[in-house]
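Predicted, not measured: the structure shown is a model, and the values here were computed from it. Just follow the structure's listing: the first ligand is 1, and inside any ligand the first atom is 1. The first residue of the sequence shown is numbered 1, and numbering continues consecutively from there. All values below come from the heavy atoms of this structure, side chains included, with hydrogens, waters and symmetry mates left out.
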Amino acid sequence: MVKIVFIEESGNRREIDAVIGDPLMYSAKDAGIEGIIAECGGSAMCATCHCYLLEAPEGSMPDVEVAEADTIEFNANQPRENSRLTCQIVVTEAMEGAVFQVATGR
Ligand code: FES
């Protein structure tokens with residue numbers, strides 16, 4: 001487990017235990033993070049797991065692959081430079097302390 005912080009749509013700051021080796025979306029859903037819906041179940045198609053990455057230890061985040069980038073561009077509301085789909089981020093120990101803000105405007 002590693003600690004990951006989510007700032008929910010309402011502004012609540014929540015620290016969750018994320019399971020190493022699983023997509024971050026699973027841990028966010030299990031923790032009941034408000035605004036993480038994950039309609040497609042993690043297939044990088046729905047963008048309802050869309051968050052903004054605010055902070056992360058250097059080099060800890062995987063690169064954005066083409067499928068993730070396309071879904072963010074075409075399906076996500078209010079995409080930004082720091083947009084990520086949490087279903088496409090497999091949790092590693094190096095991510096301890098990363099901070100995500102749940103994207104707004106769904
Ligand atoms: S759960 Fe659908 S894009 Fe992440």
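- The backbone N or O of Y52 sits nowhere less than 3.5 Å from a side-chain atom of N82 that would complete a donor-acceptor pair.
- Test I7, L54, L24 against F100 for side-chain contact (heavy atoms from CB on, under 4.5 Å) and you get one pass: L24.
- Here V64 is tied to no hydrophobic group at all, with no ILVMFWY side chain closer than 4.5 Å.
- The ring pair (Phe, Tyr, Trp, His ring centres under 6.0 Å) pairs that include a residue from residues 15-42 number zero, where partners must be two or more places apart or lie in different chains.
- Within the hydrophobic cluster formed by Ile, Leu, Val, Met, Phe, Trp and Tyr side chains joined at under 4.5 Å, directly or through other members, L85 is accompanied by I72.
- At least one donor-acceptor pair closer than 3.5 Å links the side chain of E96 to the backbone N or O of K3.
- The count of protein N, O or S atoms under 2.8 Å from atom 2 (Fe) of ligand 1 stands at 2, with waters excluded from the count.
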